[in-house]
Amino acid sequence: MDAIYDEIRVGLHAVWRRRWLALAVAWGICLAGWLVVSQIPNQYVSSARVSVQLRSVLPGQDNPMAQADQQRDVDRVRQTLLSAVNLEKVVRGTSIANSVSSDRDVADRVAALQKAIKITAQPDTNIFEVSATIANAGASDAANAKLAREVVQKLIDIFVEANLADTRDEASQSLKFLDEQIDQRQRQLQDAEGKKAEFQSKYMGALPGTGSLEERMSAARNQLAQVNSDLAAAQSGLAAVNGQMAGTQPSLPGTAGSAVGPARARVATIQGQLAEARGRGWTDSHPDVIALKNQLAIANAAARGEPLAGGDGGAPNPLYLSLRSMQADRAAQVAALTQRKAQLEADIARFDGTMGAQPAVAAEQASIDRDYLVLKDQYDKLLASREQVRIRAQANNETDAVKITVIDPPTSPRKPTAPNRPLLLFGVLIVGLGGGAAGAWGLSKLQTTYPTVQRLEKASGMPVLGSIGEVVSDAVRTGRRRQLKLFAGGAGALVGAFLLLMSIEFLQRGLVA
């Protein structure tokens with residue numbers, strides 16, 4: 001601990017012995033540093049907060065996609081606000097215009113504003129902050145503070161005008177583009193309709209059905225399959241009726257013109273019901289057919305014991321007559337289905353002949369129909385889009401779909417945000433004092449002197465018998481006091497210069513306020 005204390009005492013003594021050098025170095029560092037600090041221009045920041053409210057004008061705009069489109073429009077205007085065109089409007093619309101004389105000056109001012117202006121959006125809100133930092137070295141602090149506010153105000157004006165004008169221009173350009181596309185699609189659609197009509201007249205006019213060749217042939221084949229199924233069922237029914245007629249007598253036994261007994265009449269009625277049931281397609285296992293057979297057996301037993309009412313003649317059998325009627329219906333149905341089958345086979349043969357003679361016809365028709373459907377779909381979508389854009393543009397023009405509100409107007413800065421000049425001035429003073437002390441101490445290390453007996457013993461390696469104190473005369477003492485006063489005056493002048501600079505700084509701030 002004593003060694004450290006001795007080192008400190010030795011260092012302070014060395015600096016004190018070279019105090020004039022330390023003062024000169026301190027003055028040099030402070031003057032240079034204060035000059036550099038004085039050349040740094042004050043930065044004045046003006047800021048404002050703007051709110052953008054998206055309001056749904058039409059019922060269709062309530063959906064998230066419409067609101068997302070509006071939000072993208074606002075974001076796009078906010079991002080393009082710092083474009084060279086808009087910043088040139090700021091240069092020419094503020095007091096910056098007084099300091100420009102050529103296009104190059106305007107470009108330089110625009111480049112400087114791009115770095116000086118900052119637009120920050122607050123998260124999860126439609127509020128964003130516009131700020132401008134102005135630090136012109138050739139202008140006064142009051143002018144810089146005023147210019148910062150002017151720049152922010154001009155940016156807000158440009159934002160409002162650009163948003164409204166951009167909405168109208170975008171709607172107008174969209175309608176113009178849609179009209180051009182609709183006219184183009186309409187001409188293409190007319191050409192496609194002409195090709196389709198020409199193809200129909202040339203190839204499809206004599207062919208049955210509607211649609212393409214594949215569709216018509218497919219429909220004909222499906223109809224032919226259905227007709228074949230119906231014809232097979234009709235032929236089966238006709239064969240069944242013919243088999244029943246072969247086993248049925250045309251007339252009942254008895255005298256011609258005589259009345260039939262009730263038992264035989266009952267038999268004839270049940271036989272007619274049984275024939276009708278089989279004509280419907282019922283099999284022998286059907287419950288109603290089984291019941292009719294049982295009734296017929298009972299009726300036949302009763303009819304056999306019933307005496308005949310007349311001679312050898314007989315009355316017409318009702319079952320036979322019913323079967324003949326069913327036979328005629330089945331035969332007519334078979335004939336109609338056969339004729340329809342022949343017609344369908346002839347149509348299919350014509351389709352096969354057309355496609356075989358000209359195999360590219362089907363491909364050509366498919367291409368024409370596909371082009372027509374694509375153009376028709378595009379045309380309908382363009383018409384719907386144009387009407388939607390027109391209605392939305394009209395609603396936006398008559399109402400405020402996007403409402404812009406200035407929450408906090410541009411502030412008028414009263415003090416600079418940077419640099420912190422008082423702190424820099426004080427820092428330069430501290431660095432100057434430290435540099436002066438370091439210079440004096442460093443010089444002491446270059447000179448071989450021994451301020452204490454212990455240093456001399458350590459350096460020589462020999463014991464020191466004693467030391468002689470300095471004898472100061474009155475004249476020397478008087479001279480030293482005079483030099484001390486001069487040194488104190490120089491150090492005080494350095495501190496006074498620092499205080500003067502601080503006073504000037506605060507005075508300038510007061511003038512801005």
Is there a side chain to side chain donor-acceptor pair (under 3.5 Å) between S95 and N98? Walk through the geometry before answering.
CA-CA 6 Å; S95 57; N98 300 329; 5.3 Å; no
For the pair L373 and K376, evaluate side chain to side chain contact (heavy atoms under 4.5 Å, CB included) and give the outcome as yes or no after the intermediate values.
CA-CA 5 Å; L373 292 176; K376 185 67 168 60; 5.6 Å; no
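The CG atom of L147 lies 5.5 Å from the OG1 atom of T94; values are rounded to the nearest 0.5 Å. Here the CZ-CD1 distance, from F177 to I182, works out to 10.5 Å after rounding to the nearest 0.5 Å. Going from atom CG of L113 over to atom OG1 of T133 covers 11.0 Å, rounded to the nearest 0.5 Å. The distance from atom CG of L82 to atom CG of L87, rounded to the nearest 0.5 Å, is 5.5 Å. In this structure, the separation between NZ on K146 and OG on S46 is 13.0 Å, given to the nearest 0.5 Å. Residue N136 holds its CG atom at 10.5 Å from CD of Q43, rounded to the nearest 0.5 Å.
Every side-chain hydrogen bond (donor to acceptor under 3.5 Å, both in side chains) that R185 has, sequence neighbours left out, goes to Q181, Q378. Listed by chain and residue number, E88 satisfy the side-chain hydrogen bond (donor to acceptor under 3.5 Å, both in side chains) test with R92 (two or more places apart in sequence, or in another chain). In this structure D108 satisfies the salt bridge (Lys or Arg N to Asp or Glu O under 4.0 Å) test with no other residue, sequence neighbours excluded. For the side chain to side chain contact (heavy atoms under 4.5 Å, CB included) test, residues two or more places apart in sequence or in another chain that qualify with S102 are R104, D105. Looking at residues two or more places apart in sequence or on another chain, you find a side chain to side chain contact (heavy atoms under 4.5 Å, CB included) between S131 and V45, S47, K118. Not counting sequence neighbours, T411 has no partner by the side-chain hydrogen bond (donor to acceptor under 3.5 Å, both in side chains) test. Considering only residues two or more places apart in sequence or on other chains, E505 meets the salt bridge (Lys or Arg N to Asp or Glu O under 4.0 Å) condition with R421, R509. Residues satisfying the salt bridge (Lys or Arg N to Asp or Glu O under 4.0 Å) criterion with D179, sequence neighbours excluded, are R386. Taking the salt bridge (Lys or Arg N to Asp or Glu O under 4.0 Å) definition, one finds that R49 meets it with D408, sequence neighbours left out. Partners of V15 according to the side chain to side chain contact (heavy atoms under 4.5 Å, CB included) rule, which considers only residues two or more places apart in sequence or in another chain, are A437, A440, W441. Residues forming a side-chain hydrogen bond (donor to acceptor under 3.5 Å, both in side chains) with Q483 (at least two apart in sequence, or on another chain): none.
P409 and A48 get closest at one heavy-atom pair: C-CB, 3.8 Å. In this structure, I119 and F128 approach most closely via the heavy-atom pair CG2-CD1, 3.8 Å. The two residues I40 and P419 make their nearest non-hydrogen contact at CG2-CG, 3.5 Å. The minimum heavy-atom distance linking G435 with I29 is given by the pair CA-CD1, 3.8 Å. Heavy atoms only, all atoms of each residue included: K415 and Y44 are closest at C-CE2, 3.6 Å. In this structure, N86 and I158 approach most closely via the heavy-atom pair O-CD1, 3.5 Å.
No side-chain heavy atom of L425 sits less than 4.5 Å from a side-chain heavy atom of L429. Residues I156 and V50 form a side-chain contact, since some pair of their non-hydrogen atoms from C-beta on lies under 4.5 Å apart. Taking 4.5 Å as the limit, some side-chain heavy atom of Q186 sits within range of a side-chain heavy atom of D183. Here the side chains of W20 and L486 are in contact, with some heavy-atom distance below 4.5 Å.
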Show the atom names and distances, to 0.1 Å, of all donor-acceptor pairs under 3.5 Å that link a side chain in residues 487-500 to residues at least two apart or in another chain.
none

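Here the side chain of S229 pairs no donor or acceptor atom with the backbone of Q226 at under 3.5 angstrom. Side-chain atoms of R19 come within 3.5 Å of backbone N or O of W16 as a donor-acceptor pair. Remark: side-chain polar atoms of S385 are not paired, donor with acceptor, to backbone N or O of L382 under 3.5 angstrom.
R187 and D191 are not joined by a salt bridge, as no carboxylate oxygen comes within less than 4.0 angstrom of a charged side-chain nitrogen.
Between V90 and the choices K154, Q153, R109, the side chain to side chain contact (heavy atoms under 4.5 Å, CB included) rule is met once, by K154. Across D141, T417, N144, a single residue satisfies side-chain hydrogen bond (donor to acceptor under 3.5 Å, both in side chains) together with N42, and that is D141.
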